[in-house]
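Report on one structure; see the data block that follows.
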Amino acid sequence: MSVFADDVVTFTSMLKMAYNLLVGNSYLKRKKFREKKKLIAVALPFSDLAYACGAISVFPVRMQIFEINKYLLALGSFSSIFGWKSITNVLGFLKKLEFKSINKTIDDIIDDVIDTINKKYNQMYDLGVESGIPTDFCYGIKSLYGMYVAKGKNVEANLNFTIRCSAWNKYLESLKTIKNPAKNIWIDVPPRNIGNSLEILTNNFSKAINELEDITGITCTDNRLREHFTLRNQICQHYKTIIHEIGASDFYPSNPATFAEILALLTISFHDYNSNVKRYAENMSSLVNEMKERIRKGIGMECSKMPRILITPIFGGWEPKSHEIIYELGGRSLYADWELLGFLENINVSNNSNPIEEYARFIMNISSNKMGCDNDTLTDSYLNLAKKLNVDGLIFFQLFGCHSISNCYKLLRDKLRREEIPSTALTFNKIGENVEQVKTRLGAFMEMFK
Amino acid sequence: MTVELLSNYYYYLKEKKAEGKKIIAHMAHDNIPEELIDAAGFVPLNMIFAGNDELMNSSHDYLPPSTCSFAQSCIGLFSEKPNNFDFLELIDYFMVSNHCVSDICASEIITKYFSIPRLNFYISYTLSENALEYYKLELHDLKQQLEKIKGSEIKEENLNESIKRYNNFKKKLLEVNNLEIKGKTKLEIFQKAMLYGPDFLPELDTIIQNSQPQRSNNLKELILTGCSIFINDYLIDLIEESGGNIVFFDTWIGDNYFSQIFDDAILNSKENPYNLLLYRYRNNVGGDHMVPEYLENKVTKLEKIIQNYRKKTGKPLGVINHIIKFCDHISINSAFLKEKLQEKKIPILNLERDYSRANRGQLSTRIEAFIEMM
């Protein structure tokens, strides 16, 4: 994995984001107890309202204590005194010395970040099952349930958006059966955009905002909403640049496996912007700048001969070794779930607009046109993104127990065939459970491109 | 009984078709306003056929095996085209609805791959005032979809008439529910009634008049909650063979369907029949589609049924929570339901299964053990 580390050393922002993701526990404790901030749990990227109301959004896994690589921890401490930028210089310098132990250390850091997150996901999965969630459900729901069992009591409320997935909606209801449940704030998203459903959703948001205001004691003004939406729009713009401008190009600022690793990290951290929107926006901006700078200097990898593979969906669970395997097989992987489902779209922040209505419009677009209330719409979203990114193939993760997205594969496959985009489905139950099988399947799939 | 029922049903639908009526199928449980379909002059067809493994397994070209066995079976009906199900050929439209996501997926596959034109009817997941507003939009939209097919307006008086017809029909099913007859007999009546709708009323009258109490002193009395027992399923036989008798069907095929009635005061108080449908939607607190109070409502309802039954007969009731494998709605909270009922000293068996016949022995053992424990 040296080649990964080589890349990452010069991506300070990635180190920083990884660090911020992993030290969530102490960060959130500080926010909650010292600064008296209110924590609101979210899953899927539905965190915006909580921020606009002065709360801190948290994707529950981040309340866990992670076993952080001691060197990353040291880097974090170092950065709090000297800043993250100096870390790149130090690491770069150490790396140039080519001490084996130093190289190994850096490799370990990067390996550990992803492995640590995955190990924690698996632990949460086991806890979810032990706590009574039936094994019938998908990896995502079982892990989320475990996350709430472990740390759900630390949040003031859960922000519950109903979506097309009935397992998800019922899982949200089940949160109150966990010991010491937090308040549940429900936002019922109309399944279709008909009649005045936008008005209905706007009203539902207004009610949720009132409940959040009661918790934080902060009035959510239009300006606060616009300010937050402006920041998240910037994040999304950067995210889109990484996917469309850099991801779709033939020269990557890094090894393609590292690039995929960054995309995977973004998929995880985007749920709650690592509990700090401003910091996240700055990191995203730095990340894009770092990538562009490397491309400008010709540092990275020419990958025009490497088939471009869209791997999706990954947000509910996937085998994280996939991009590495694909890389070893001569391909490059892209992860773009949030773009596919419309979460990276812009929210109108013009002064003459009603920001709550604009947010409703944004969510309605996801619900009706991207995620869709049916599989025809959803599969169109997959197809459109595959075409837009000009991918050579698509790998579809079919999660055991997922009755919503996994069930659309037949329809998707038919549509992809019509467009002559090869695809394959990989079944998935738990991280690390069937890596060998994934290798075999991907090996067979990648043969098509030789 | 099943072969005869399905064969007769074919002729019934054929007659309806000959009268120019369209057949509109759906698998969306208790959320579909059948009265609106009836008022349009069409025939609603409840997809309540599932229970054998061939049907379940033949859906795997379309859906992964980790899909609810009911949804799989519905697809199997169209891909296998089994004997006795010829009436499915008569379906003109299939309604895609979001009772659960497997319902959406299966309905969508049926419309797309078996070329049946599609109608849409979606509902919210909560029962808030805004959800009610949304329901109104969907009703209006469905009305327009039906009017387009019909080629003319659905008149309010026709809808009123249909609501009354269905109301009387469901009241009569409530009477059947109170009959002292064996669970299997009762279930077969409910299943048949849900196929024929209010046209079954005269037969229901005869059944009630001629009904003789069937004593079942040796059998333990039970409530069935959770997933329905569909036409073709052997579960009811298994329960009775194991020494149980279902006296109350707290399922879609059962109380969730026929308890949705209006008393006369409400029926006459609403000028607009659509408000009656809204009223019913608001009061459907026991529907398993709903969040976030479904669990509490379920526990309260079961407790009430058990108390009333004890008051009336002096006998206790046990609960079988029937969980069709991979059912999102019933499965996820089954452990919680069990815990809550056990706290109240109510015996409950969470019976999870698919339609595989190979499981029959195991299921039988579990039911027998539960009944013995009661």
Side-chain angles (χ1 to χ4, degrees), chain A residues 131-138 141 145 160 162-178 184 186-192 194-197 199-204 207 372-376 398-411 414 425 427 429, chain B residues 61-68 71 96 98-109 112-113 118 120 122-131 133-134 136-138 140-141 288-296 323 325-336 338-340 350 352:
Chain A
S131 307
I133 193 146
T135 49
D136 284 2
F137 288 85
C138 73
I141 283 184
Y145 193 83
N160 299 342
T162 62
I163 57 169
R164 56 178 251 147
C165 172
S166 42
W168 168 263
N169 299 330
K170 285 286 167 184
Y171 143 76
L172 292 175
E173 182 179 4
S174 76
L175 292 180
K176 66 183 170 192
T177 67
I178 296 171
N184 286 299
W186 285 89
I187 293 151
D188 194 355
V189 181
R192 296 199 292 159
I194 54 171
N196 67 335
S197 21
E199 201 181 309
I200 289 172
L201 182 56
T202 306
N203 193 261
N204 287 343
K207 287 180 177 166
C373 54
D374 59 27
N375 283 342
D376 215 14
Q398 216 163 18
L399 268 62
F400 172 84
C402 167
H403 312 141
S404 179
I405 293 181
S406 288
N407 283 357
C408 80
Y409 182 62
K410 153 86 176 153
L411 194 56
D414 292 349
T427 51
N429 184 41
Chain B
D61 282 348
Y62 303 93
L63 289 174
S66 66
T67 307
C68 132
V96 178
N98 64 335
H99 177 75
C100 62
V101 76
S102 299
D103 179 340
I104 303 176
C105 293
S107 307
E108 206 177 5
I109 285 167
K112 207 166 185 80
Y113 291 99
R118 159 184 181 165
N120 293 305
Y122 288 72
I123 62 169
S124 292
Y125 268 91
T126 71
L127 285 171
S128 66
E129 283 304 310
N130 281 340
E133 276 299 305
Y134 182 76
K136 212 189 279 183
L137 292 178
E138 285 285 350
H140 181 68
D141 188 71
D288 56 82
H289 173 83
M290 296 306 170
V291 294
E293 307 295 341
Y294 167 73
L295 272 173
E296 289 87 340
I323 307 160
K325 199 154 175 57
F326 300 112
C327 169
D328 290 344
H329 289 183
I330 305 301
S331 173
I332 198 160
N333 291 311
S334 54
F336 174 81
K338 188 172 181 175
E339 190 188 313
K340 286 288 155 195
N350 275 338
E352 193 192 49

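Order of the sequence lines fixes the chain letters, A, B, ..., with proteins taken first and strands second; residue numbering starts at 1 for each chain. As the structure is a prediction and not an experimental result, all values here were calculated from the model.
There is a side-chain donor-acceptor pair under 3.5 Å between Asp414(A) and Tyr113(B).
Heavy atoms closer than 4.5 Å to chain A are found in the backbone of Asp61(B), but not in its side chain. Within the 4.5 angstrom heavy-atom criterion, only side-chain atoms of Ile133(A), from C-beta onward, approach chain B. Heavy atoms closer than 4.5 Å to chain A are found in both the backbone and the side chain of Asn130(B). Ser404(A) touches chain B through backbone and side chain together, each having a heavy atom under 4.5 Å away. For Ile163(A), the part lying under 4.5 angstrom from a heavy atom of chain B is the backbone only. With a threshold of 4.5 angstrom between heavy atoms, Glu108(B) approaches chain A through side-chain atoms but not through N, CA, C or O. Of the atoms belonging to Leu295(B), heavy atoms from both backbone and side chain fall under 4.5 Å from chain A. Contact of Ile323(B) with chain A is not made at all, since no heavy-atom distance falls under 4.5 Å. For Leu201(A), no part lies under 4.5 angstrom from a heavy atom of chain B. For chain A, the nearby part of Glu352(B) is the side chain; its heavy atoms alone come within less than 4.5 Å. Contact of His140(B) with chain A is not made at all, since no heavy-atom distance falls under 4.5 Å.
Within the 4.5 Å cutoff, the side chain of Asp376(A) has heavy atoms near those of the Lys112(B) side chain. Considering only heavy atoms from C-beta on, Tyr125(B) comes within 4.5 Å of Ser166(A) through its side chain. Here the side chains of Lys410(A) and Ile109(B) are not in contact, with every heavy-atom distance at 4.5 Å or above. Contact of the Phe137(A) side chain with the Ser331(B) side chain is registered, since non-hydrogen atoms from C-beta on lie closer than 4.5 Å. Inter-residue side-chain proximity for Val101(B) and Trp168(A) is flagged as unmet; no heavy-atom pair is nearer than 4.5 Å.
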Exercise. Carefully, step by step, assess Cys373(A) and Asn98(B) under the rule side-chain contact (heavy atoms from CB on, under 4.5 Å).
Key: CA-CA 8 Å; Cys373(A) 54; Asn98(B) 64 335; over 6 Å; no
Exercise. Please assess Ile194(A) against Glu138(B) for the test side-chain contact (heavy atoms from CB on, under 4.5 Å), listing each intermediate value before the final yes or no.
Key: CA-CA 8 Å; Ile194(A) 54 171; Glu138(B) 285 285 350; 3.5 Å; yes
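Between Glu129(B) and Lys207(A), none of the side-chain N atoms (NZ, or NE/NH1/NH2) sits under 4.0 Å from a carboxylate O, so this pair counts as no salt bridge.
Contact tally against chain B (heavy-atom pairs below 4.5 Å) for Tyr171(A), Tyr409(A), Tyr145(A), Phe400(A): the top residue is Phe400(A). Ranking Asn196(A), Asn184(A), Leu172(A) against chain B, the residue ahead of the rest is Asn196(A), based on heavy-atom pairs under 4.5 Å.
Nearest heavy-atom pair, Arg192(A) versus Asn120(B), reported as atom, atom and distance to 0.1 Å: NH1-CB, 3.5 Å.
Taking Asp136(A) as the reference, Lys325(B) meet the side-chain hydrogen bond (donor to acceptor under 3.5 Å, both in side chains) condition, with sequence neighbours excluded. With sequence neighbours excluded, no residue forms a ring pair (Phe, Tyr, Trp, His ring centres under 6.0 Å) with Phe336(B).
Between the Glu173(A) side chain and the Tyr294(B) main chain, a donor and an acceptor come within less than 3.5 Å of each other.
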